[in-house]
Every structure is written in structure tokens, then in C-alpha cells.
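Reviewing the structure listed below.
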Amino acid sequence: MLRIFAAPKRALEVEAMRLAHPSATVLATDKAMNSFSSARPVQGHRAWNRGVGPLSWSPAMTELAHPDRLAKARAMRARGEDPFPPRGVKAESIAELLAGAGTLEAPGPRFGTKATIAGRLHAQRDFGKLIFAPVQDLTGKLQIGLKRDALEAWWPNRKELDAGDLVGVTGELGRTQKGEVTLWVSEIQLLSKAYAPPPEKWHGLVDVEARYRRRYVDLWASEGVLDVFKKRSKIVSLVRRFLEAQGYLEVETPVLHPIAGGATARPFITHHNALDCDFYLRIAPELYLKRCIVGGLERVFEIARNFRNEGISTRHNPEFSMLELYEAQADYRRMMEIGETLLEHLAREINGTTVVTFRGKEYDLKAPFKRERYTELFRRHAGCEFDDEPAVRKKATELGLKDPGNYWKLMNDVFEATVEDHLTGPLFVVDYPVQISPLAKQSPEDPRLTERFELFIAGMELGNAFSELNDPEEQERRFREQVASKDPEAPGEVDIDYVQALEYGMPPTAGFGIGIDRLVMVLTNQDSIRDVLLFPALRPLAKEPEAPKAP
RNA sequence: GGGCGCGUAGCUCAGUCGGUAGAGCAACUGGCUUUUAACCAGUAGGUCCCAGGUUCGAUCCCUGGCGCGCUCACCA
């Protein structure tokens, strides 16, 4: 923070900071000095010893930077060495080296050979003339061993190396007396100085807020975090290959929508200056993807970031990723088949088994999944028919549900309150009432219902699919009904362009939307959506308050 | 937005039945050539989240605020 520039411990350190970061000089001028000197006593050492640091707002070159580390960089520069050299080193992956090292009993092909690795240095264990320290790259951790007799020229500078520094090391792959694979270093170079010290070595980052705000630290400082995001990347890649193998084209449709349709949710609003009009950030890509079907693309999918202006929870982030796919000549039964085979495939590829553990329970994602009718579940758990309005209203009152002002919404609230907890799954709940499914085609057997299903695992809704309504007249009627409902989550106007697209003719089509974040949660056993998002939505940090005025 | 909980050293946490605070790790100094939470000795480090109130005195009690977590609501 500003005061560290105004309250240096030693002149040397200020010098080190200036050398290390020229902008420090700027920060130490007028404004900083004034705000500092107005009321607060000199803080002495406090600000210098930050670890991962407080989560306060502060300008660049913050109190995270440690003066000793800055001084070490300065010492290097004084010798003509660069603490931030322009090039990296050509390194081998640690995972491959570990695999090649073999075991103590059966040394692998790489045992005893020369190797170079690059990565982040962790806490050193210093024995005076011997130092051990793990180095971590994307693929794993490998211990390096530094011996004085092998590094005579470098040895006097060894204290310039800190935990968190990025290094490149070359040495011979071997083992210690305890048998641990170790790279016995013959050459070491600093690739980037870490001015900010890493979190405490044993606990790592445990403050959840710090973990989310400083994910760039969490990724290498917390066990298992990197693995979740590697798996997430693999899941998305597998989804693409799975669909492409079935003739699907990946497309990109607009994020800026003139009308927020395709789902019921409150949108974010933004403004386009040149056109001088407002746009909504999309709440679903659905209506554009179906326009693609009208255009003859036949099988399309998009991994779409959607934005919904609603609360944040362990299952909700205001921006989230949804896979949506649409297939011409298919109906919702085909979507169930795609859903269950895709999930089984992902589980096998990611975890090597179809059984996943999530929130302490096991779920078998082996296809086929169970199917149960919405209406039957409703009857079984709510104790009445879904369209028996007096009975449903009575049940809602019993449950203490407040009336949303619309019977069908109320009915669905009763369903969620009574049924959803029982949906351990994996399960397809099929044939939803038409009134809560404005984009789905009516069932040929029962006009009160639609050919629609939702996929549930662990009581959590993972996906939503239906045979798409392609009758423009009926679609327009349902849109007008939505608009007339004045529901704040319904679109404010009818999407005439979409109705017109249907007037040109959309083939019989089925579509499926799957929440990617929730899917990753289930496949990687993470309880919170925040743990599968690299940078989950958080309230922005407050700006530093003004220093109190002197009396 | 409602309810519950939390905020003390850089990190993880004690503690003060109201008299301005401690440990381990991290940092710094010294020692140590096979450790892996290395070890041993020493040093330094705190506006006890912020603002009011009660009080001789508040980190502690009260009120308000800020931040975060859990939960409810809504959705995928």
C-alpha cells in the first residue's frame, strides 16, 4: 500500500524498490505522502512482512512485495544479472521425468541422465552445504538437490533464491538416501523473481475468499486445484470431440441480444454507443441456434457463456457455461440417448469408471438412465394431479409457498419443493406441462404435456431438453402469453424475428442444454460451482478509504 | 434480498468473565552434506475489520457499516 513507500525501514530498501520498479517513485510523491502523513503513525515493519497479504485494494507494487526480495533483485542487477531474464529455458515435463526415473529396485531409462526442468521453487530445506527443494511445473513436483561442491561459483548467492521464485535447473536425475527421485543440480538460473512470498507452506491458501480472488496463487499453492481445472479442460475437449464425431458443427452465436430470450431469467443490460441502443447479454443461445437449424446447419452445438442477473450460490454464478446442441430430424428421445452416452463416456475418460462420487454419495453414470414422468412424480410426492388447481393450491399453502401470481409457476414450485430432493439420479424427468415449457413441442399423446425432459443428478438439475416447437403460429401465441404475464423474468417483447425464422420452416428438431459447470462439479466431486470456475464472480474490492483528516 | 455464522501477526489459529495480546509456520541472523511440515539457537513483526455508543478504561459489551462463508429464494 502507499504507506510502504512513505515509511521505509531502511534507505537501502527504498532504493531497491526504485530499481526494481520505477513506478514506485511516482507513488511516493505528493498524494501518497499527504494521505499518509495526515493521521497515521509510521507502521514500521508491519507492511513489509506480508505473505499472501490482505485482500485490500491497493495500487500496483503493493504491500505484497517483500523488501528482502526486492533487495535481492537489486543485488543481482548490480552484478549485471537480470532477475527477469528475457528468455525461458527448454525444459522437460516433470511427470515424464518421474515416469522415466522408475523405482529404486528397477531404475527407469532416465535414471542417471541429464535433464532440465523449469518451474516454481517451493520451500527450501537448507543444510548449510546442501539444500533440498521441490520444483513444481504444470505436470507435477520434483525435488532438486543443490550441493555446494557442485555449484561453487553460484553458492555464495544461494540466499537470493526464495520460495515462489521461478527457476530453470539442469542436473542429473538420481535419488537420495531415502530413495526419493531428485535432480542433482549442476546449473541453476532464476527465470523470474517472486516479489510476493507464497502462502504458508503447510496450510496453503485456506481462506476461501483469498483462494477465489488470488486463484493464480491457489492453483499452485493448494492441493488438487490444478487437477480440477485440467479435468475441466479435458471435459470440454471431450464434449467437442464426442459431438463432432456425430456430425455436429460448433458455431458461435451472438452474446449481445436485442431481446433476452430462450430461457426465463433476468438479463444484464449493456449499451452500444454507435448504434445508441441497449443490448442484453444472452441468457441462452437457444433461439439463435435454432435459427441455424432453419438455415440448414442440421446439427449444431455451442459451448455458450450465458449471463443471468440473479443471486450467487454454490450452484449459481452470474456467468456460466452451457452446452446447447440441436439436431434436425431428432426428437427428445434421441437427446436422452445423447445425454446418457455422453455422460457415461465423460465419466470413463475422466475417472476411468462410470461411478462418480459427489457430495459423499455414489452415482453410476452408466447408460441408460432411468426415466420418470413429471406427472407421476408429481402425483407420488405432492399427492395430487398437477392440473388439479384447488388441490395443488392447498398443497402449496401446506408447504408455505408464496403465490408467484401464476398457477403454473406455483405448480412447478410445488414440484420442486416436494419432488426434487428425491431425484438422486441420474434420472430423466420426462413430459413437462406445456405451460412451463414455452419452446417445447406438445406431446402427441397428451396436449397438456410437452416432449421435454430434465436431467437430474444428486437433486441438481444438469440439463434440459425437448422436441423443439416449430409451429410459428403456436410459438407466437406462447410468446405473447409470456409477455402478457408481466413476469420480470420473461422477455419484455415477442421475438418477431425468431417467429419469422420459423415461418420459413424449421425441420422437426430436438435440442439439449447441459450446464457445463455443474457437470464438471459432478465429474470432479466439487461441492461448489466456484471450485470449478477459475475466477468465480465476487464483489469487487472496496477502494482504499480516504485517510481521516487531521483535526 | 431474508436468516445464521465468521473477521486477532504475512498464513493457520489461541486468548482476554472489560485493564491495548500469544503459539506454530513464513521472514531475518547464526549453525548443520540426504531432508521432505527438516532440525537447533536468536531477532523482528499487531490501528485485535471499520465507525459510533456505554465505561475511568473496549480487541472483548451494544448499535450501525463493510467483507466473506453457509442457508433460503431463483435458475442451469
Side-chain angles (χ1 to χ4, degrees), chain A residues 9 39-41 43-56 63-64 66-69 71 122-134 141 143 145-150 159 162-164 174-180 182 184 196-213 217 221 263-266 283-284 304 306 308-318 320-324 401-402 404 409 412-413 416-417 454-456 460-464 488-489 513-519 521 527-530 538-542 545 548:
Chain A
K9 189 188 165 202
R40 300 180 193 191
Q43 295 300 318
H45 249 111
R46 193 176 79 86
W48 300 98
N49 283 352
R50 302 287 175 170
V52 72
L55 291 167
S56 55
E63 53 193 358
L64 291 183
H66 194 286
D68 295 310
R69 291 169 181 249
H122 285 252
Q124 303 168 59
R125 296 180 284 276
D126 186 345
F127 288 80
K129 296 186 183 64
L130 167 72
I131 301 168
F132 289 113
K141 268 186 202 169
Q143 171 168 278
L146 303 160
K147 288 179 174 176
R148 189 175 77 169
D149 45 21
K159 302 254 165 161
D162 290 302
R175 286 205 183 71
T176 62
Q177 287 173 4
K178 295 268 169 70
E180 175 158 350
T182 299
W184 295 106
E200 200 253 8
K201 65 183 173 189
W202 181 240
H203 297 91
L205 260 188
V206 292
D207 177 333
V208 285
E209 187 193 356
R211 287 191 44 222
Y212 299 143
R213 288 201 191 277
V217 175
T264 50
R266 268 177 255 247
I283 56 173
N306 294 334
R308 297 189 183 174
N309 206 339
E310 282 161 0
I312 295 174
S313 79
T314 51
R315 288 168 301 276
H316 302 86
N317 196 65
F320 65 99
S321 296
M322 192 155 78
L323 166 68
E324 282 203 8
L401 296 173
K402 58 172 187 253
K409 247 186 131 165
N412 202 40
D413 288 347
E416 286 172 7
E454 291 198 353
L455 167 61
F456 284 87
M460 188 163 72
E461 188 186 340
L462 273 188
N464 184 16
E489 295 188 346
I514 299 178
I516 292 288
D517 312 280
R518 289 183 176 180
L519 179 62
M521 285 168 69
D527 286 355
S528 170
I529 197 167
R530 293 191 183 101
L538 298 169
R539 184 184 298 278
L541 289 170

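Chain letters run A, B, ... following the sequence lines, proteins first and then strands; every chain starts at 1. In what follows, every heavy atom counts, from backbone to side chain, and hydrogens, waters and symmetry copies are set aside.
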Roughly how far apart, to the nearest Å, are C50(B) and G10(B) at atom P? 13 Å

Which whole number of Å gives the distance between the C1' atom of A58(B) and that of U35(B)? 48 Å

C70(B) C1' sits how many Å from Ile529(A) CD1, rounded? 16 Å

If you look at every strand shown and take non-hydrogen atoms under 4.0 Å, does Asn412(A) touch a base, only sugar-phosphate, or nothing? nothing

Using the rule for Phe, Tyr, His and the six-membered ring of Trp, do Phe320(A) and A76(B) stack at under 5.5 Å and under 30°? yes

Starting at atom CZ of Arg308(A), determine the distance to atom P of A73(B), rounded to an integer number of angstrom. 18 Å

Taking pairing as Watson-Crick or G-U wobble with both contacts under 3.5 Å, can you name the mate of C56(B), or confirm there isn't one? G19(B)

With rounding to the closest Å, how many angstrom separate the C1' atoms on C48(B) and U16(B)? 10 Å

Restricting to non-hydrogen atoms, name the atom on Gln124(A) and the atom on Ala163(A) that form the minimum distance, rounded to 0.1 Å. NE2-N, 4.2 Å

When you measure from the side-chain N and O atoms of Arg125(A) to the phosphate of U35(B), is any distance below 4.0 Å, counting only OP1 and OP2? no

Whole-Å P distance, G15(B) and A38(B): 27 Å

When rounded to the nearest 0.5 angstrom, what distance separates CD1 in Ile283(A) from CE in Met322(A)? 9.5 Å

Residue Glu180(A), side-chain atoms from C-beta onward, closest of U33(B), U71(B), U35(B): U35(B)

Thr176(A) has its side chain closest, among C70(B), A38(B), U36(B), to U36(B)

Between U71(B) atom C1' and His316(A) atom NE2, what is the distance in whole Å? 13 Å

Under a 3.5 Å limit on both distances, the Watson-Crick or wobble mate of C11(B) is G24(B)

Looking only at atom P, what distance separates A23(B) and U63(B), rounded to whole Å? 34 Å

Atom of Asp527(A), atom of Met521(A) and distance for their closest heavy-atom approach: O-CE, 3.3 Å

Measure from CG on Asp68(A) to C1' on A44(B) and round the result to the nearest Å. 11 Å

Rounded to whole Å, how long is the line connecting atom CG of Asp162(A) with atom C1' of C28(B)? 11 Å

Gln143(A) CD to A37(B) P: how many Å, rounded? 11 Å

Measuring from Asn464(A):CG to Glu454(A):CD, what's the distance to the nearest 0.5 Å? 4.5 Å

Expressed in whole Å, how much space separates the P atoms belonging to U59(B) and A9(B)? 15 Å

Phe127(A)-C32(B) aromatic stacking (under 5.5 Å, under 30°): no

In whole Å, what is the span from the CD atom of Gln124(A) to the C1' atom of A38(B)? 13 Å

Hey, does the side-chain of Lys159(A) have a donor or acceptor N/O within less than 3.5 Å of a partner on the base of U29(B)? no

Write down the distance separating the C1' atoms in C75(B) and C60(B), rounded off to the nearest Å. 43 Å

Give Gly463(A) one of three labels, base, sugar-phosphate or nothing, depending on what nucleic acid heavy atoms sit under 4.0 Å from its own. sugar-phosphate

Can you name the residues that form a salt bridge (Lys or Arg N to Asp or Glu O under 4.0 Å) with Asp517(A), not counting sequence neighbours? Arg232(A)

Ignoring hydrogens, what is the shortest heavy-atom contact between Trp184(A) and Lys147(A)? Give both atom names and the distance. CZ3-CE, 3.6 Å

Checking all strands, does Arg315(A) fall into the base, sugar-phosphate, or nothing category for heavy-atom contacts under 4.0 angstrom? base

Leu462(A) near the nucleic acid: base, sugar-phosphate alone, or nothing, with a heavy-atom cut-off under 4.0 Å? sugar-phosphate

Under 4.0 Å between any heavy atoms, over every strand shown, what does Asn306(A) touch: base, sugar-phosphate, or nothing? Just pick one. nothing

Only one of Ile514(A), Leu323(A), Leu455(A) passes side-chain contact (heavy atoms from CB on, under 4.5 Å) with Leu519(A), and that residue is Ile514(A)

When you match Ile514(A) and Ser528(A) each to their closest nucleotide on RNA chain B, which lands nearer the 5' end? Ser528(A)

When you compare U36(B) with A26(B), how far apart are their P atoms, in angstrom units rounded to a whole number? 13 Å

Mind checking if Gly515(A) touches a base, just sugar-phosphate, or nothing, with heavy atoms under 4.0 Å? nothing

Where the side chain of Lys178(A) is defined as all heavy atoms beyond and including C-beta, which of G69(B), U36(B), C72(B) is the nearest nucleotide? U36(B)

For a quick test of reading the model: is some side-chain N or O of Arg530(A) closer than 4.0 Å to OP1 or OP2 of C70(B)? yes

Nearest atoms (heavy-atom pairs only) where Gln143(A) meets Phe132(A): NE2-CD2, 3.4 Å

Paired with C6(B): which nucleotide, if any, by Watson-Crick or G-U wobble criteria at under 3.5 Å for both distances? G67(B)

Measure CZ/Arg266(A) against C1'/C74(B) and give the value in whole Å, please. 8 Å

In Watson-Crick or G-U wobble terms, with both distances under 3.5 Å, the base opposite G46(B) is none

